[in-house]
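Step one of this worksheet: look at the structure below.
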Amino acid sequence: CACLYQGTACEVFLVRDIVTSQLYALKRIVRHHAKFSDAYLRAVYHREACMLGWLQHERIPHLISAFEEEQYRCILMEYIPGVSLSRIQGCSSEQKRLQWCLQLGELLQYLHEQQIVHLDIKPSNLQYWKGNVYLLDFAVFCRNRMSQPRCLPGYSPKEAGTLNCDERSDIYSFGRTCYVLRYGQFPADGACRDALDALLLHCCQEERNQRFSSMQAVMKELVRLCKG
């Protein structure tokens, strides 16, 4: 039906089942690309397909099927309508932005309880639909504290791209993402307006041991601020 996303080595299409008229998202990953090894592209496909098939959360797309074609490896998944938070960051009410942070925190806490670090938290991977925030794109995640070499300018901590990533790496990205969702820009040095800013800046400290130790600790403080 339409192209939803086009990247360097993959693209996502909105497709329709001709029998049921049900809409799905179809992700196609190229088999060969000059910038990536075939082994890396194969690993990306298998990781994401397996993870979507394994995770069972109402705000993470469900896997429908995975299959290979001559030029592409394909992942057919649940289609999440709505709008990317990258398009409405800083534009909604403070209460709505706070709900976005809470829902993202809940998703990350769920992943971390499964020993999964997402490693790609940013507004463009968050979809907002009917009052809910959905988490997309599991191509980069890691388990057992091992990561893939990739760095996302602005949202990734300095340990990104090393084997030193853990839950605190997602916490850094959570803090940066929520700050951008709140203000439409990254935090400047010393820019702390209130208690929520202080919490988010605590999340995105440069040194891992200076951040919150877990999403559970982040959520406990975030919920306390919301009730206050």
Side-chain angles (χ1 to χ4, degrees), residues 7-8 35 40 44 47 51 84-91 94 97-126 133 135-226 228:
T8 304
K35 291 186 177 181
Y40 173 78
V44 166
R47 277 203 316 268
M51 189 52 52
S84 169
L85 286 188
S86 63
R87 297 185 179 181
I88 54 176
Q89 58 194 30
C91 301
E94 176 68 9
R97 293 194 295 267
L98 185 56
Q99 287 301 313
W100 295 345
C101 296
L102 281 167
Q103 290 191 30
L104 174 57
E106 290 168 354
L107 283 163
L108 283 177
Q109 187 173 351
Y110 165 76
L111 291 180
H112 293 175
E113 288 171 353
Q114 318 305 315
Q115 303 299 311
I116 296 168
V117 183
H118 188 274
L119 294 179
D120 203 8
I121 299 299
K122 55 185 178 180
S124 60
N125 278 341
L126 301 172
V133 172
L135 181 57
L136 312 178
D137 198 345
F138 283 78
V140 191
F141 82 92
C142 73
R143 298 197 71 187
N144 302 321
R145 302 179 184 272
M146 295 184 64
S147 75
Q148 294 297 317
R150 179 174 174 180
C151 184
L152 307 168
Y155 295 102
S156 289
K158 66 180 184 179
E159 69 267 15
T162 73
L163 297 181
N164 296 319
C165 292
D166 59 19
E167 292 87 348
R168 292 169 294 178
S169 304
D170 274 350
I171 289 173
Y172 177 94
S173 300
F174 170 84
R176 300 281 285 184
T177 295
C178 289
Y179 195 97
V180 169
L181 292 177
R182 196 178 189 200
Y183 297 113
Q185 62 185 22
F186 291 118
D189 291 341
C192 184
R193 299 171 177 84
D194 55 24
L196 179 55
D197 275 8
L199 181 148
L200 298 179
L201 293 174
H202 186 183
C203 288
C204 52
Q205 291 292 309
E206 286 299 312
E207 299 299 327
R208 282 190 303 167
N209 59 9
Q210 294 179 1
R211 303 170 200 157
F212 284 97
S213 60
S214 68
M215 277 307 303
Q216 184 177 10
V218 174
M219 289 300 293
K220 181 178 179 180
E221 183 64 17
L222 190 55
V223 169
R224 186 188 67 80
L225 288 178
C226 293

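Quick caveat: nothing in here was measured; it's all calculated off a predicted structure. Keep in mind that the numbers below use all heavy atoms, side chains included, and drop hydrogens, waters and symmetry copies. Position 1 is the first residue of the sequence; numbering continues from there.
Salt bridge present: Arg211 and Glu159 bring a charged side-chain N and a carboxylate O closer than 4.0 Å.
Taking every heavy atom of both residues into account, Cys226 and Leu98 meet most closely at SG-CD2, 3.4 Å. Closest approach of His118 to Asn125, counting heavy atoms only: CE1-ND2, 4.4 Å. Nearest heavy atom pair, residue Asp166 against residue Arg208, reads OD2-NH1, 3.1 Å. Shortest non-hydrogen contact noted between Pro123 and Ser84 is O-OG, 3.5 Å.
Every residue meeting the side chain to side chain contact (heavy atoms under 4.5 Å, CB included) condition with Gln109, not counting sequence neighbours, appears here in chain and number order: Glu113, Met215, Gln216, Met219. Applying the salt bridge (charged side-chain N to carboxylate O under 4.0 Å, His left out) rule to Arg87 yields no partners; only residues at least two apart in sequence or on another chain are considered. The side chain to side chain contact (heavy atoms under 4.5 Å, CB included) search around Ser173 returns Ile121, Pro157, not counting sequence neighbours. Partners of Tyr179 under the ring-ring contact (aromatic ring centres under 6.0 Å, His included) rule, at least two apart in sequence or in another chain, are Tyr183. Cys203 is linked by a side chain to side chain contact (heavy atoms under 4.5 Å, CB included) to Ile171, Phe174, Leu199, Phe212, Val218, counting only residues two or more places apart in sequence or in another chain. Judged as a ring-ring contact (aromatic ring centres under 6.0 Å, His included), and not counting sequence neighbours, His112 has no contacts.
The closest side-chain heavy-atom distance from Arg97 to Leu196 is not below 4.5 Å. Between Leu126 and Leu136 there is no side-chain heavy-atom pair separated by less than 4.5 Å. Within the 4.5 Å cutoff, the side chain of Val133 has no heavy atoms near those of the Leu102 side chain.
The closest donor-acceptor contact from the side chain of Gln114 to the backbone of Tyr110 lies under 3.5 Å.
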Leu85 vs Thr177, side chain to side chain contact (heavy atoms under 4.5 Å, CB included): CA-CA, chis, key distance, verdict: CA-CA 10 Å; Leu85 286 188; Thr177 295; over 6 Å; no

Val180 and Tyr155: CA distance, side-chain angles, deciding distance, side chain to side chain contact (heavy atoms under 4.5 Å, CB included) verdict: CA-CA 10 Å; Val180 169; Tyr155 295 102; 3.7 Å; yes

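With rounding to the nearest 0.5 angstrom, the CG atom of Leu222 is 10.0 Å from the CZ atom of Arg224. To the nearest 0.5 Å, the span separating CG on Asp170 from CG on Leu107 amounts to 11.0 Å. Taking CG of Asp194 as the reference point, atom CG of Leu225 lies at 8.5 Å (rounded to 0.5 Å). The CG atom of Leu201 sits 11.5 Å away from atom SG of Cys178, with the distance rounded to the nearest 0.5 Å. From Tyr172, atom OH reaches atom CD of Gln210 across 12.5 Å, with rounding to the nearest 0.5 Å. The distance from the CZ atom of Arg176 to the CG atom of Leu181 is 12.5 Å, given to the nearest 0.5 Å.
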